[in-house]
Amino acid sequence: MYMSDIDENAKRAKKTAFIYLLISLFCALFGAVYEGFSHGVYSFFMIYAFAFPLAGGTLPFFLLNFAGGKNYPNALTRNLYHSGIAALTVGSIIKGVLEIYGTSNTLMRWYWLAGAALLAAGAAAYFIQIFLRHRKTCG
C-alpha cells in the first residue's frame, strides 16, 4: 500500500467519522423534538438511538483515522457495517415511536437480528481483509 493511499484512507476515515457524528446529533435532536411533542411519554429507545451511530460509527472510524488509515476497510466491509448500524438505529427509533404511541409489534426483533447479523458480517469481512492483507505482505 502506497503512502498516498494511506493518507487518502485516513481522510476517508475522518470524513466517515464526521458523518456519523452528524447522524448521531440528528438522532439526538430528533428524539428530543419527538419526545417534546409526546405529552410526557418517553422511551429509552428513542432517547438513546443516537448511541448506535456514535459508538458504532464515529468511534471506530475516528480510531481508524487516528491510526493513519492503514487498515481502512474495503467497500464490502464498509457497506455491511454501515447497513448494520443503520438497521440498529432505525430499529431503535421505530421501537421508541411504538413505545411512545403505546403499542408494540412482533416484527421489531428483526431489526435487532438484521443489525447484529450485518455488523457481525462486516466485522468478519474486516478481519478476513486484514488477515489476507497480512498474509500477502508476509508470504
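Computation of the quantities below employed the complete heavy-atom set of this structure, encompassing side-chain atoms and omitting hydrogens, waters and symmetry-equivalent molecules.
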Task: R78 side, atom CZ; T16 side, atom OG1 - distance, nearest 0.5 Å - done: 7.0 Å

TODO: Please confirm whether the backbone N or O of P73 pairs with a side-chain atom of T77, one donor and one acceptor, at under 3.5 Å?
DONE: no

Open item on the list: Once you measure the plane-to-plane angle for F50 and Y48, does it fall in the parallel (<30°), tilted (30-60°) or perpendicular (>60°) bin?
Closed with: tilted

Task: In one Ile/Leu/Val/Met/Phe/Trp/Tyr side-chain cluster, 4.5 Å: F62, L54 - done: no

Task: Short side-chain to backbone donor-acceptor contact, S92 and F45, under 3.5 Å - done: yes

Open item on the list: How close do P60 and A55 get, counting heavy atoms only, and between which atoms?
Closed with: CD-O, 3.3 Å

Task: Closest approach of Y72 to R133 (non-hydrogen atoms, all atoms of both residues) - done: O-NH2, 3.8 Å

Task: Hydrophobic cluster membership, L64 vs L80, 4.5 Å side-chain cutoff - done: no

Open item on the list: Within this structure, what is the CG-CD1 distance for the pair N105 and I94, rounded to the nearest 0.5 Å?
Closed with: 9.5 Å

- [ ] Mind checking side-chain contact (heavy atoms from CB on, under 4.5 Å) for L119 and listing every partner two or more places apart, or none if nothing turns up?
- [x] Y81, I85, L88

Task: Any side-chain heavy-atom pair of E8 and R12 under 4.5 Å - done: yes

Open item on the list: If I compare all heavy atoms of S43 with all of G96, which pair ends up nearest, and what's the gap?
Closed with: OG-CA, 3.3 Å

Open item on the list: Same cluster or not: Y42 versus V33, using hydrophobic residues (I, L, V, M, F, W, Y) connected whenever any side-chain heavy atoms lie under 4.5 Å apart?
Closed with: no

Task: Near-ring test H82/F61, centroid separation under 6.0 angstrom - done: yes

TODO: Supply the atom-to-atom distance K95 NZ to S104 OG, rounded to the nearest 0.5 angstrom.
DONE: 6.5 Å

Open item on the list: In this structure, would F30 and V41 fall into the same cluster of hydrophobic residues linked by side-chain contacts under 4.5 Å?
Closed with: yes

- [ ] Please check if I93 and I47 belong to a single hydrophobic cluster, counting links between Ile, Leu, Val, Met, Phe, Trp and Tyr side chain heavy atoms closer than 4.5 Å.
- [x] no

Open item on the list: Under the criterion side chain to side chain contact (heavy atoms under 4.5 Å, CB included), I'd like the reasoning laid out for N71 against Y126: C-alpha separation, chi angles, the key distance, then a yes or no.
Closed with: CA-CA 9 Å; N71 289 323; Y126 182 67; 3.2 Å; yes

Open item on the list: Would S38 and I100 count as a side chain to side chain contact (heavy atoms under 4.5 Å, CB included) here? Give the steps.
Closed with: CA-CA 7 Å; S38 67; I100 290 171; 3.5 Å; yes

Open item on the list: Testing the basics here: between G115 and A87, what is the closest heavy-atom pair and its distance to 0.1 Å?
Closed with: CA-CB, 3.8 Å

Task: Main-chain N/O of L21 paired with T58 side-chain donor or acceptor, under 3.5 Å - done: yes

- [ ] Kindly say whether M46 contributes a backbone atom to a donor-acceptor pair with the side chain of E35 at under 3.5 angstrom?
- [x] no

Task: Greater than 12 external heavy atoms within 6.0 Å of W112's CH2 - done: yes

Task: Evaluation steps, side chain to side chain contact (heavy atoms under 4.5 Å, CB included), between V97 and Y34 - done: CA-CA 8 Å; V97 168; Y34 195 91; 3.3 Å; yes

